[in-house]
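Below, all heavy atoms of this structure are taken into account, side chains as well, without hydrogens, waters or symmetry copies. None of the values given here were measured: they were computed from a predicted structure. Residue numbers start from 1 in every chain, and the chains themselves are labelled A, B, ... in the order their sequence lines are given, proteins ahead of strands.
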2 protein chains.
Amino acid sequence: MITNKLKKVSLKSTFQRENILEYIISRKEHPTADMIYQYMLTISPCISKTTVYNTVKSLNKTNLIKSIKFLGKDEIRYDGTVDAHHHFLCEKCGRIYDIEIQCQHFKKENIDGHKINNVYAYFTGICKECKK
Amino acid sequence: MITNKLKKVSLKSTFQRENILEYIISRKEHPTADMIYQYMLTISPCISKTTVYNTVKSLNKTNLIKSIKFLGKDEIRYDGTVDAHHHFLCEKCGRIYDIEIQCQHFKKENIDGHKINNVYAYFTGICKECKK
DNA sequence: TACCAAGTTGTAATGATTACAAACAAACTA
DNA sequence: TAGTTTGTTTGTAATCATTACAACTTGGTA
Ligand SMILES: [Mn+2]
Ligand SMILES: [Mn+2]
Ligand SMILES: [Zn+2]
Ligand SMILES: [Zn+2]
């Protein structure tokens with residue numbers, strides 16, 4: 001439950017935080033800051049965009065959400081699914097799909113002598129909807 | 001040779017294009033637009049930053065270079081090595097290393113029913129220099 | 001009730017990139 | 001050769017997501 005998630009990471013529970021986190025988790029669209037803002041406006045007409053940015057920064061820092069970025073797109077997208085996974089970005093419709101792959105390099109701790117902390121990966125192409 | 005590379009993709013050979021392409025290929029730093037600009041200033045003091053952006057766009061479109069982008073960094077980096085490979089970004093010093101891995105997913109043409117055109121992947125962590 | 005810390009808000013700044021129009025240059029043509 | 005076209009370069013202005021910052025609000029606590 002949303003309130004507990006916030007509590008668990010010692011973030012004070014507020015209307016804005018609960019609803020922003022809820023929105024990011026429940027919608028699977030990997031929304032942008034502006035999409036979150038537009039949604040929040042409908043339930044909280046005076047919310048500030050700065051609050052959206054402050055909130056996603058807190059949520060991200062406490063690992064309640066992840067952020068992702070694609071080449072050629074200038075905005076960050078937010079992801080409520082925090083378990084390691086990859087993405088597929090459709091070059092035609094812009095939809096983002098979660099990709100579950102078990103990659104050999106995923107669990108590696110070192111590569112070429114460098115210590116790995118994070119792995120980022122995504123595919124682009126034409127999604128199955130757009131292929132129809 | 002640089003001139004031939006340009007010719008091969010039907011880009012007119014100019015002083016700016018030759019030197020920008022040469023710089024990106026020979027330096028292995030994956031330079032930013034501004035790094036390219038700063039270098040070009042030393043050999044062509046009146047070059048415009050717009051020329052740098054125009055040029056990397058042309059070079060990228062004709063596949064003479066690739067561009068890459070990292071989460072949390074706001075600038076695009078340019079890569080003269082166009083064969084498929086991945087990267088390692090050091091969280092401490094910011095250096096970017098090429099990573100040659102033969103990944104099972106690299107050659108795939110489809111995933112979950114989506115047609116794959118491109119694969120992007122990178123690791124972050126502490127590089128072997130910074131570990132010392 | 002008064003105070004304090006944290007959260008929220010609005011506005012201004014940042015900074016990489018793009019848009020656009022003028023200047024320039026090399027390649028064609030009459 | 002002079003004039004024309006086409007593509008390249010240049011400088012300036014705009015864009016736009018994100019951040020900085022200061023003022024305002026709120027909820028808990030003494
Ligand atoms: Mn996801
Ligand atoms: Mn590279
Ligand atoms: Zn699609
Ligand atoms: Zn390093």
Side-chain angles (χ1 to χ4, degrees), chain A residues 2-3 5-7 9-24 30-62 64-79 94, chain B residues 2-3 6-7 9-21 23-24 30-62 64-79 94:
Chain A
I2 297 294
T3 313
K5 293 196 185 224
L6 290 169
K7 192 169 293 175
V9 297
S10 327
L11 278 184
K12 212 167 273 181
S13 199
T14 68
F15 180 85
Q16 291 87 338
R17 282 177 179 168
E18 299 220 348
N19 282 279
I20 289 175
L21 179 54
E22 165 95 56
Y23 177 76
I24 296 173
H30 304 82
T32 63
D34 193 64
M35 291 163 74
I36 298 167
Y37 176 63
Q38 295 304 330
Y39 164 73
M40 286 300 291
L41 278 183
T42 68
I43 60 174
S44 179
C46 286
I47 193 171
S48 160
K49 208 166 224 183
T50 301
T51 299
V52 174
Y53 280 109
N54 287 342
T55 303
V56 292
K57 181 172 284 180
S58 301
L59 296 177
N60 186 63
K61 190 172 295 175
T62 54
L64 291 183
I65 65 173
K66 294 279 180 190
S67 45
I68 53 182
K69 200 173 193 176
F70 299 100
L71 195 61
K73 306 274 171 186
D74 44 1
E75 359 83 323
I76 298 170
R77 316 213 45 148
Y78 299 97
D79 194 340
Chain B
I2 297 294
T3 313
L6 290 169
K7 192 170 290 174
V9 298
S10 327
L11 277 183
K12 213 167 271 180
S13 200
T14 68
F15 180 85
Q16 291 85 341
R17 283 177 179 166
E18 300 221 348
N19 283 279
I20 288 174
L21 179 54
Y23 177 75
I24 296 173
H30 306 82
T32 63
D34 193 63
M35 289 163 75
I36 298 167
Y37 175 64
Q38 296 301 331
Y39 164 72
M40 287 300 292
L41 278 182
T42 67
I43 60 173
S44 179
C46 286
I47 194 170
S48 160
K49 208 167 222 181
T50 303
T51 299
V52 175
Y53 280 109
N54 288 340
T55 303
V56 292
K57 182 173 285 181
S58 302
L59 297 176
N60 187 63
K61 190 174 294 174
T62 55
L64 291 183
I65 64 173
K66 295 279 180 189
S67 45
I68 53 182
K69 201 174 192 175
F70 299 101
L71 195 61
K73 307 272 171 188
D74 45 2
E75 0 83 323
I76 297 170
R77 317 215 42 149
Y78 300 97
D79 193 341

Would you mind building the protein contact string for nucleotides 17-30 of chain D? One character per nucleotide, 5' to 3', B for base within reach (heavy atoms under 4.0 Å), S for sugar-phosphate only, - for untouched.
-> SBBBB---------
Of the non-hydrogen atoms in B:I47 and B:Y37, which two are nearest, and what is the gap between them?
-> O-CE1, 3.5 Å
Quick one: is C:dT8 close enough that its OP1 or OP2 comes under 4.0 Å of any side-chain N or O from A:S48?
-> no
Donor-acceptor under 3.5 Å (B:N19 side chain, B:F15 main chain) | yes
Main-chain N/O of B:L59 paired to B:T62 side chain as donor or acceptor, under 3.5 Å = yes
Would you kindly give the NZ-to-C1' distance between B:K61 and C:dT18, to the nearest whole Å?
-> 13 Å
Okay, side chain of A:K73, backbone of A:G94: is any donor-acceptor separation there less than 3.5 Å?
-> no
Looking only at heavy atoms, what is the nearest atom pair of A:V52 and A:I36, with distance?
-> CG1-CG2, 3.9 Å
Would you mind reading off the distance between B:I47 atom CD1 and D:dT12 atom C1', rounded to a whole angstrom?
-> 17 Å
Could you check how far CG of B:L59 sits from P of D:dT8, rounded to whole Å?
-> 12 Å
Considering all heavy atoms of both residues, which atom of B:Y78 and which atom of B:A33 are nearest to each other, and what is their separation?
-> CE1-N, 3.9 Å
Within the side chain of A:S58, is there an N or O that forms a donor-acceptor pair under 3.5 Å with the backbone of A:N54?
-> yes
To the nearest Å, how far apart are B:E18 CD and D:dT8 P?
-> 13 Å
Between OH of A:Y37 and C1' of C:dT9 the distance, given in whole Å, is 10 Å
Given side chains that start at C-beta, do those of B:E75 and B:D34 come closer than 4.5 Å, heavy atoms only?
-> no
To the nearest angstrom, how far is A:L41 atom CG from C:dG10 atom P?
-> 10 Å
Return the polar atom pairs (N/O with N/O) between nucleotides 3-7 of chain C and the protein under 3.5 Å, or none.
unit_1	atom_1	unit_2	atom_2	d
C:dG7	OP1	A:R17	NH1	2.8
C:dG7	OP1	A:R17	NH2	3.3

